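In the text below, chain A, chain B and the rest are named by the order of the sequence lines, each starting its count at 1. None of these values were measured; they are calculated from a predicted model.
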Amino acid sequence: MRKFLSIVALVCAVGILATACGGGKESGDDTAANDGSVEVVDAETTENNAGSEVADSDVGDQDGTTLSADADAASPDGSQPIRIGAMFAPTDTLDPTDVTTPGGMMLLYNLYDSLALVTDSGLEMSLAESITPNDTVDEWTVKLRPNVTFSDGTPITGDDVLASIAYCASSPNYQSILGVIDLENSFVEGDEILLKLHSPTSDFVVSSIGYFSPIAPQGKFTGIGAGPYTLVGGSPSTGYSLKANPNYWKGEPNIPEINIIQIPDSASQAKALLANEIDYAWGLDPVTAQQLKGSEEIVMPEPTLDSAIAKDLILNTRVAPFNDPEVRQAAKLTIDREKMVQVLLGEAGEVGNDVLGKGYQDYPEDLPQIQASKDEASRIFAEKGVTEFTIVASDTVPGMIAAAEFLVQEFEEVGVTVTIEQLEPMTFFSNMEELYQSQAFTFYWINRSPLVDFRSQAVKDSPYNASGYSSDNIMEQMAIATATPDESTRQEAIKEICIELNEQGGDLIWGYQKQLSAHRAGLEHINSFQSIPWLVNATFNP
Amino acid sequence: MLNKLRKNRFVKSILRTILLCLLGTFILFLLVQTLPGDAATRFVGKVEPEALELIRERMGLNQPPLLRYWYWLKNLLGGSFGTTMTTDLPVSDVIRLPFRATLIVSGFVLVGVVFVTLPLAIYEGAQMHPRRHILSKLSLMPAAMPEFVVAILLLAVLAQGAGWLPVLSIPKPGASLWDSPQIFVLPVLSLWLIVSANLFRRVAALVRTYASSAYVRDARLAGMSEWRVIFVHLLPSAAYGIGQLLALTVPYLLGGAVVVETVFSFPGMGYLLVQSINSRETTVVMAIGLIQILYTAVGLWLADIAGAKNERISQVV
């Protein structure tokens, strides 16, 4: 018996010793360091620079995972704390140049403010009071709002702005957005920053600064920013807790506290919403969203095209058969886009017209919609002797292979046999040179304003010009559109590019998958910024 | 002389464990390399080939795999798991909370196994009448089910149906794991059911073998109480066999947590492992792999010791 007990004790000792290691705080470092893991601090004792006491968020009173709304934490207008589900990566940090996950982006958008923001309501000045170009739109003067401070009370200076831009521009994830700024020749003059550009860019604010230009003290992103919320604590394993920033230039946000909870997938978000464990689920897939429709307590906002996923079949103009514009035209006439969108995307879908930027201000709404004409397509394919081709497909975003399979059926109806060659999503974008030798392939874009997307989609030397299609006319119109300060001239140039891409381009953008979200009743005035919920103006009274 | 023999055996066991760790981590490293893509492609998505190469260089992915394994090993010998490939965070910081979370779950499951499963299995195994083997028959059900089915069933009944437990087993952002003890219930219960179902049947069968031996029968015929038969006569012989079976479940407590943690979104090591494999974070995968290999090695070592003793006893019995 003694032997039995000693063996059991030995085995248990391993487990119990190990379990003992599990005690104490798990939140990591003592200070809000750049490792993405921060300790809960007592908001009650924190004072801002101006001497006013920070509102007590009293997060400690919340009950475990349910994180129930705490009456003490309600804002003066009665708004309650909110719990939002989002995915983080274990390696997420507080540095915007590192983060690519939705949860990480949401956290950083709330911590660090930008000079300007392009939200779903349009362009808004944020830390900048004004951003004005010179006559040749290659120099932009940023005037900072007076008396704006970071959340720790330190005033924001022009040097902070330049250092932050320089830091972000050095990252591969932001290089394409901020690389247009000639940092060597940009400088600070009083409360103004003169940003010199490498080339004239009329949509500089929308395409660069407004995309996200996070500002941190001396360009060091350690969790201190000038955003609407400040960090209370958290880690990528559990999510983060934020409280309203009383120093925010627009005034303290209505919702006093945001808890971004680490939830990895759409189905779990829906389950948590139904069980009242979160208040807001976003980035839902259409099937999950459908399941939430029956609940009376849950509101599903009308999805928008802001940052929707544009689903594309690239007809590669570098190689046969799609190096022939007529064959491209036949392919475009083959697809019944409405049916495809209805079957594959359901209510989250919007029919595409081979041009990006739908729903944005500069998109020409009068662009004629391409309609399916199978007889005409069949005739052209027969005339050109096209009987088969291959589509390289990969689920780089969910549903791309399913879309390719749908396309196979569509092309079969016009007498063309299509073969699908599947690629691993992980390696899809690292084999672009190989991909650019295939006849056709699935591709996706994030829908942004036309001019921003055309820089990738339609410019001759762009590495992301997936179809390989461009022309002198497109380049000329791009030059006009980017160099003119006149809005109508820019829109005319954009329209001309759209028409050419629509008629002759190699992109077959058949549909847009809009961002779906759902929330508990009582959440109002939500905006979105780069498809991430933006709750600065929101109120929450469940 | 006997002490020297024991010492030698102990040294050999340590050497064998080190060899197992080296071999195990090397195979794991090679397996991660065979996966399509790498941390760089996963990190940047669409990017120009030149930029991708620069990122690969920064992450050290342009070096030959053997050299990278050597660097990892060198770091380990220096007492460090290295840093994450994408964001240069110390791996020990990344795995700290998940490691603790999984250890807590494993600890609770182990306590449940020792104080509930084993006593029940021993008691049932000691019963000679087949009609009294009800629990063995009942345990067939969870034993036959895949782990994720057990977890999903518990989730549906206890969380979504009855509403007694949270759907998500996630602690409050920034708070200690102990601040929300309810998050442990579903992962612990699932893992305990899965582990117990298999262990129960094996322990009961083992005890049954000893219970049917002549000396136990004689003890019963001598009119000893059932408790005395079990504790004084039966258990001392069966102890090492039971210990061996128990020790073999230790590695499973960490390995089996992968599925359970994924179902409940529990921020443990298994869940972190899945995420790290998806993002090709080799250093994190290697650290978790090494911990699991060590755990397995210790479990097997204990099982070997108990097994050797059990073999000697069973030959006598």
Q.
Under the side-chain contact (heavy atoms from CB on, under 4.5 Å) test against A:Ser268, which residue among B:Val167, B:Val263, B:Leu168 passes?
A. B:Leu168
(Q) So, taking the atom named OG1 in A:Thr93 and the one named CG in B:Asp93, what distance separates them when rounded to the nearest 0.5 Å? (A) 12.5 Å
(Q) Keeping A:Gln262 on the side-chain end and B:Pro173 on the backbone end, is there a donor-acceptor pair under 3.5 Å? (A) no
Q.
Testing B:Asp88, B:Thr283, B:Thr83, B:Thr87 one by one against A:Thr91 for a side-chain contact (heavy atoms from CB on, under 4.5 Å), which residue passes?
A. B:Thr87
Q.
Rounded at 0.5 Å granularity, tell me how far CD in B:Gln160 sits from CG in A:Leu274.
A. 8.0 Å
(Q) Measuring from atom CG of A:Asp98 to atom CG of B:Leu89, what distance do you get when rounded to the nearest 0.5 angstrom? (A) 7.5 Å
(Q) Nearest 0.5 angstrom please: A:Lys271 NZ to B:Leu155 CG, how far? (A) 5.0 Å
Q. Of the backbone (N, CA, C, O) and the side chain (C-beta and beyond), which part of A:Ser456 lies under 4.5 Å from a heavy atom of chain B, both, or neither?
A. neither
(Q) Measuring from atom CZ of B:Arg96 to atom OG of A:Ser237, what distance do you get when rounded to the nearest 0.5 angstrom? (A) 11.0 Å
Q. Which atom pair, heavy atoms only, marks the closest approach of B:Leu272 to A:Pro90?
A. CD1-CB, 3.2 Å
**Q.** A:Glu297, CD: over 12 other non-hydrogen atoms inside 6.0 angstrom
**A.** no
Q: To the nearest 0.5 Å, tell me how far B:Ser265 OG sits from A:Met87 CE.
A: 12.0 Å
Q) Is B:Arg228 atom CZ crowded by more than 12 heavy atoms from other residues, nucleotides or ligands, each under 6.0 Å away? A) no
